[in-house]
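What you are looking at is a predicted structure, and each value in this text was computed from that prediction instead of being measured.
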Amino acid sequence: MSLDQAEAFARIRLLRSPNIGPVTYAQLLDRFGNAVAALEALPDLGKRGGRSYRPAKREQIEREVAATKQADAKYLFHDSPDYPTLLRELESAPPILTWRGDLSLAAKPCVAMVGARNASAAAVKLSRDFAMGLADAGYTVVSGLARGIDGAAHQGALSSGPKTIGVIASGIEIAYPPQHAKLQEQIAREGLLLAEQPPGTEPRGSHFPSRNRIIAGLAAGTLVVEAAQKSGSLITARLAGESGREVMAIPGSPLDARSQGCNHLIREGAVLVQSVDDVVELLTGFDGQPRSTFRETAAQQFEYGEELAVTEPADIASLLTTAPVAIDELIRQSGTSAAAVQLALMELEVTGQLQRHAAGKVSLSS
């Protein structure tokens, strides 16, 4: 699909507008047909939500587009034929990515590798060796360019050729952590570098779970090499499980705190792996039916194309608190159609009154 320049620009502007996340972006395109029409409708949606609304300024997007070109990067839209197939399956798939490198790597079988930043020397070597073996077996290794396990996974895959994808939590031209600047540039030249955040965006804490969902979403399976009990790597594993992907972990000593996360995953249903062959066996011909049972029930999906009954945002807001609740529960309690509830939620989100959570839950903004 080839977008005309006006629609591509409008899509970027729509996504950069206040309170527009991936789910609301998709709903707006479904309801209004294109981004140009959706942008025109935003002020009226804001009024229905009880507040004035202004989309992102054209000048802001013009600066972003120029910065993307200056970084030698390109935009990838959700309905492009080159958009990664597995990533597209996520309800929260990023509508727009910026990228540098070889986009075809995302179309090949992918495996995510994640783990501790303060990893042990043995785990770093193990990560490097596993990544090298998986790359030799024909897999693209996906990771997040963090210190420790991530960096070792990228290095191992690169040693077998251009077979790695780095997903970063900043703008495409910002290296983080700084000590991986050379590695990030090497991945951009020899592998594939992906960013969801606009150019110029410094990484923040809230960006890393978003990055993690992309890492998990690109791959048929996620391998956790070494991780503490409370670790961002376990978030990636949970996201992989929620998406119906394989979750794998390498066991470690119960005396080492850095192994407790992996041991916990195995106890909760992740597949124990001890060799590259174990991973290849699990992922060969992956058909969406993982052997691992470490997952949560996926959120119910709804269609938005039907004619909508009028449901006031205030009616739905009255059912919400700051505690997350499933959308299907709101539908049951409101007694209205799924599409009408989704529209009311979209209007609340546009005006900053709604927060979305994992597993398709929502709450009032705190």
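- Hydrophobic clustering, defined by side-chain heavy atoms of Ile, Leu, Val, Met, Phe, Trp and Tyr closer than 4.5 Å, groups Val225 together with Val111, Met113, Leu126, Phe130, Leu134, Tyr139, Val141, Ile149, Leu223, Met248, Ile250, Val271, Val273, Val276, Val279, Val280, Leu282, Leu283.
- The backbone N or O of Gly352 sits less than 3.5 Å from a side-chain atom of Ser365, completing a donor-acceptor pair.
- For Lys125, the side-chain hydrogen bond (donor to acceptor under 3.5 Å, both in side chains) partners two or more places apart in sequence, or in a different chain, are Asp129.
- The main-chain N or O of Pro177 is never found under 3.5 Å from a side-chain atom of His180 such that the two would form a donor-acceptor pair.
- Annotation: side-chain hydrogen bond (donor to acceptor under 3.5 Å, both in side chains) contacts of Arg128 (sequence neighbours excluded): none.
- Side-chain contact between Leu29 and Leu14 is present, with heavy atoms from C-beta onward closer than 4.5 Å.
- Note that CE of Met346 is 8.5 Å distant from CD1 of Ile20, once rounded to the nearest 0.5 Å.
- For Ser104, the side-chain hydrogen bond (donor to acceptor under 3.5 Å, both in side chains) partners at least two apart in sequence or on another chain are Asp102.
- Considering only heavy atoms from C-beta on, Tyr176 stays 4.5 Å or farther from Gln184 through its side chain.
- Every residue two or more places apart in sequence or in another chain that forms a side chain to side chain contact (heavy atoms under 4.5 Å, CB included) with Ile266 is listed here: Ala249, Pro251, Leu272.
- Side chains of Tyr25 and Arg11 form a contact here, defined as non-hydrogen atoms less than 4.5 Å apart.
- Using modelled atom types and a 3.5 Å distance limit, the side chains of Ser120 and Glu226 yield a donor-acceptor pair.
- For Glu185, the side-chain hydrogen bond (donor to acceptor under 3.5 Å, both in side chains) partners two or more places apart in sequence, or in a different chain, are Arg100.
- Salt bridge Glu59/Arg63: absent, no basic N to carboxylate O contact under 4.0 Å.
- In this view, Arg211 satisfies the salt bridge (Lys or Arg N to Asp or Glu O under 4.0 Å) rule with no residue, not counting sequence neighbours.
- With sequence neighbours excluded, the residues satisfying salt bridge (Lys or Arg N to Asp or Glu O under 4.0 Å) with Glu64 are Arg16.
- Ion pairing between a basic and an acidic side chain is recognised when a charged N comes within 4.0 Å of a carboxylate O; Glu91 and Arg356 show no such pairing.
- Applying the side chain to side chain contact (heavy atoms under 4.5 Å, CB included) criterion to Ala107, with sequence neighbours excluded, gives no partner residue.
- Qualifying salt bridge (Lys or Arg N to Asp or Glu O under 4.0 Å) partners for Arg13, counting only residues two or more places apart in sequence or in other chains: none.
- Taking the side chain to side chain contact (heavy atoms under 4.5 Å, CB included) definition, one finds that Ala195 meets it with Thr98, Ile168, Ile172, sequence neighbours left out.
- Atoms CD and CD, from Glu347 and Gln353 in turn, are 10.5 Å apart once rounded to the nearest 0.5 Å.
- Checked against salt bridge (Lys or Arg N to Asp or Glu O under 4.0 Å), Asp256 has the following partners two or more places apart in sequence or in another chain: Arg258.
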